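For clarity, every value in this text was computed on a predicted model and none was experimentally measured.
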Amino acid sequence: MNILMALSQLEITGAEVYATTIGDRLTELGHNVSYVSDTLTMPHQGQFFGLRFNKRSLFRRFWHVGRLIYLIKKHKIQLVHAHSRASSWSCQVACKLIGVPLITTVHGRQPVHKSRKLFRAMGDRTVAVCEAIAEQLIRELEFEESQLQVIRNGVDASAFTPQPTPRNSKPIISIVGRLTGPKGEVCYRLLDEVLDLDRYQVQIISGSTLPDRFKSFLDRIDFAGHVSDIPSALAKADLVIGAGRVAIEALLMERPTVAIGEAFAIGHLTLDNIQQAMTSNFGDIGPKDLQIDFQAIKRDVENALASPVNPPKLRETVLTEYELEEVTRKLEYLYQSTYVRKHKREMPIIMYHRVTKDASERGVHGTWVDLKMLEKHFKLIKKMGFETITFEDLKRDGMASRLAPGRRSIMLTFDDGFADNYHYLLPLLKKYNFKAVIYAVTGEVFNRWDVENPDNPEKRFELMTREQVKEMDASGLVEFGGHTQSHPRLSQLTEEEQIYEIETNKKILEQWIGKPLNSFAYPYGDLDRSSKLQAQKWGYPYAVATNSGPLPLHEDLYQIRRIAIFPRTNTFGLWRKIHGNYTFRKEKC
C-alpha cells in the first residue's frame, strides 16, 4: 500500500520515532511509506515532504489541505496516517474531499472544548497508544468505543537488548525527553529539587535547544543534545528517567527506570506497577489536576539505584506489549480493514467446481460451468486487467499485497478436484497464463457424497488421479489445497472425525505433490469452531468458506469469503461479481 505518515513538529518527538520506526518496518514488508511534516529528524526510508502544519492561520490551513490533496494524488496515496492534532485537522479535510481513508494515532491527552467535539478530525479510525488516552477520548470527547483501538508504541527489540550492569564509580542518570512544555518543567524540577548533582553524573538527552534556565546547570550536568545511538547511551546509564517509549526502551535493556511524564510519576518501575505504567504511557497521560510528588521521586531514584538488575519477567511483559512486529501487524491489519471498508471493494475469490464440454457431462446439481463460457470468463478477467494469484503468492508477499496500488488481483478456485479440471481447465490456464487453486478430495475416486445423496442424487463424475494432480501441480499454474477425505459436513462430525478428514487429506496431497499446502476449503462451506481450529492446528495458513466470513478477507484467515459461480453466470453476471463491491452490496441486501 502507499501510505502517508503526517506529523507536525518543530523538534524530535516520540510521535516521530513511532511513525518512522513503524514506517521503516512497513517499508520492509513491501509498503511504500512517505512522510509529511514541519521537520523530520529521525533517519527514515521513504520520501519526506515539508509542510508547515504548525502555522495554523485559516489561510495556512487551507493551503495545507490543498498541498495534501496534491501530494496524495501525485503519489497515489491509498491511506493517510496522522500523528498530531495540527496535521490531523488538515488531513481530515483533504481525505474527506478526495475519499482517501484516514487513521489518526493519538499520542497524548487531547484538549477539550466545544469545537473539538464538533470537529474531531480523527479520521475513519482512531488509535490510542494507551488505555488512558482511549478513556479520555470516550469520556470527555464522546468518542464511540467501536471507532477506537489501543495499539501501543512499536519498539524494535533487537536494538534494545539486555545489557550488563555498568560499573560506574559515580552513578550515571540519563534523563531523556523534551526540554520544552510540561516535560521541560519536570526535567527542570528534577535537576533543581530532586537529584544530587554532586553525587550523581546526570546526562540529558534531548533534541531541544537548551532553554536559558537550564544553562545554570551546564557546569554540573552533561547536556548531550540529540543522540542517534540511543541504545549505546542507555547502556552506560545506571538509571534512566523518562516516559513513553524512553521507559519502554530502557526496560527492554533491563535498565533500572523511573517513569515520570507530563501527567504524573509512576516512579521506579517494577512488576507491581508495570500495568499502571503501560495504561498511562508511563506517566504521560492522566487527569490534569494530578500533582507530582518530587520528594517521592527522590526516594524512587535511590531505590532504583539500589536495585541495579530488573527481573527478566519485567522485560518479557514489556516485550509482549510493545514488540515492533506485533504492533506493525496490528496496524497493517487496521490499514487493510479501513481501506477495504472505506471503498467497499475487496479482491474477488471466485468459486467454480466442474468444467463441462457438452450437455452430456452436465449434472443435476448446478456446480458446473460450460467450457466455452469459462473461456469467456477468462477473456473478461484478462480484459479487466486482473492478475490471477494464489495463496502461495499471498503467503510470500503478505495479505496486504492484494491491495497494492495499480494492481487488480483475483483468485480462481475450483472445488473437489474433478477429472474434468485436468482435461479442460489446465489447457485453458496454459492458454491464458492464469493461475488457479484446486481443492481436492483424496479419499474417493468419484463424487460419492453427491451420488449417494438420497434426497437429490447426482450423476457419477470421476475425480483426478494422483498422476493428474502431480502433472497439474508441475505446470506451475495450479496450487492444490485440502478438501477432506470424503467431503462431509464437518460441523456434523465429532472432533476426532474432523481431525481424520483434515489431517489425512493434507498428508496425502502433500505426499503426492511433495510440498506443503497453503489453504483448505470447508466442504459445502460448512464449518464450526472445531473445524477452524483443526485447519489451523494442522498447519494451514488459510482456509476458505463460501458465502460466510468477514467482508475484508484478512479479518479471518480461517473463514475467507468466496463468490460462487453457477451455470447461469454469464459474462455480465461475472462482471457484476468481480467488479469490486459485490459482496458489500449483497450483504447489505
State whether [X] and [Y] are salt-bridged, where the test is any N-O pair (Lys NZ or Arg NE/NH1/NH2 against Asp/Glu carboxylate O) under 4.0 Å.
X	Y	answer
Glu325	Arg25	yes
Glu462	Arg460	yes
Arg402	Asp393	no
Glu503	Lys507	yes
Arg448	Glu444	yes
Glu387	Arg407	yes
Lys532	Asp556	yes
Arg529	Glu495	no
Asp124	Arg341	no
Asp415	Arg562	yes
Glu467	Lys470	no

Derivation and outcome, salt bridge (charged side-chain N to carboxylate O under 4.0 Å, His left out), residues Glu326 and Arg329: CA-CA 5 Å; Glu326 180 63 15; Arg329 184 194 66 79; 2.7 Å; yes
Have Glu346 and Thr583 got a donor and an acceptor in their side chains that come within less than 3.5 Å?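 Result is no, nothing qualifies.
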Looking only at side chains, do Glu471 and Tyr422 share a donor and an acceptor under 3.5 Å apart?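 Glu471 vs Tyr422: donor-acceptor pair found between side chains.
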Rounded to the nearest 0.5 Å, what's the gap from [atom1] on [X] to [atom2] on [Y]? Could you check?
X	Y	atom1	atom2	result
Leu4	Ser87	CG	OG	9.5 Å
Lys357	Asp420	NZ	CG	12.0 Å
Leu374	Lys379	CG	NZ	11.5 Å
Ser530	Lys537	OG	NZ	9.0 Å

For the pair [X] and [Y], name the ring-plane relationship: parallel under 30°, tilted 30 to 60°, perpendicular over 60°.
X	Y	result
Phe62	Trp89	perpendicular
Phe378	Phe434	tilted
His579	Trp575	tilted
Tyr439	His483	tilted
His75	Phe49	tilted

For [Y] together with [X], are the ring centres under 6.0 Å from each other?
X	Y	value
Phe446	Phe461	no
Phe391	Tyr542	yes
Tyr335	His31	no
Tyr18	His83	yes

Apply ring-ring contact (aromatic ring centres under 6.0 Å, His included) to the pair Tyr522 and Phe520, showing each step before the final yes or no. CA-CA 7 Å; Tyr522 306 101; Phe520 173 79; 5.4 Å; yes
Please evaluate residues Met122 and Val106 with respect to the criterion side chain to side chain contact (heavy atoms under 4.5 Å, CB included), reporting the C-alpha separation (whole Å), side-chain torsions for both, the decisive distance (0.1 Å), and the verdict. CA-CA 9 Å; Met122 290 293 184; Val106 183; 3.8 Å; yes
Could you walk me through whether Glu131 and Arg152 pass salt bridge (charged side-chain N to carboxylate O under 4.0 Å, His left out), step by step? CA-CA 9 Å; Glu131 289 82 356; Arg152 305 195 189 281; 2.6 Å; yes
Does the Lys NZ or Arg CZ of Arg568 fall within the cation-pi geometry relative to Phe566 - under 6.0 Å from the ring centre and within 45° of the axis?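 Verdict for Phe566: a cation-pi partner in Arg568.
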Validate the cation-pi geometry between Lys506 and Tyr540: distance from NZ or CZ to the six-membered ring centre under 6.0 Å, angle to the ring axis within 45°.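 Output yes; distance and angle both within limits.
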Given His353 and Trp368, is the side chain to side chain contact (heavy atoms under 4.5 Å, CB included) satisfied, shown in steps? CA-CA 6 Å; His353 287 77; Trp368 52 269; over 6 Å; no
Would you find a donor on one side and an acceptor on the other, under 3.5 Å apart, between the side chain of Ser37 and the backbone of Leu7?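 Confirmed, Ser37 side chain pairs with Leu7 backbone.
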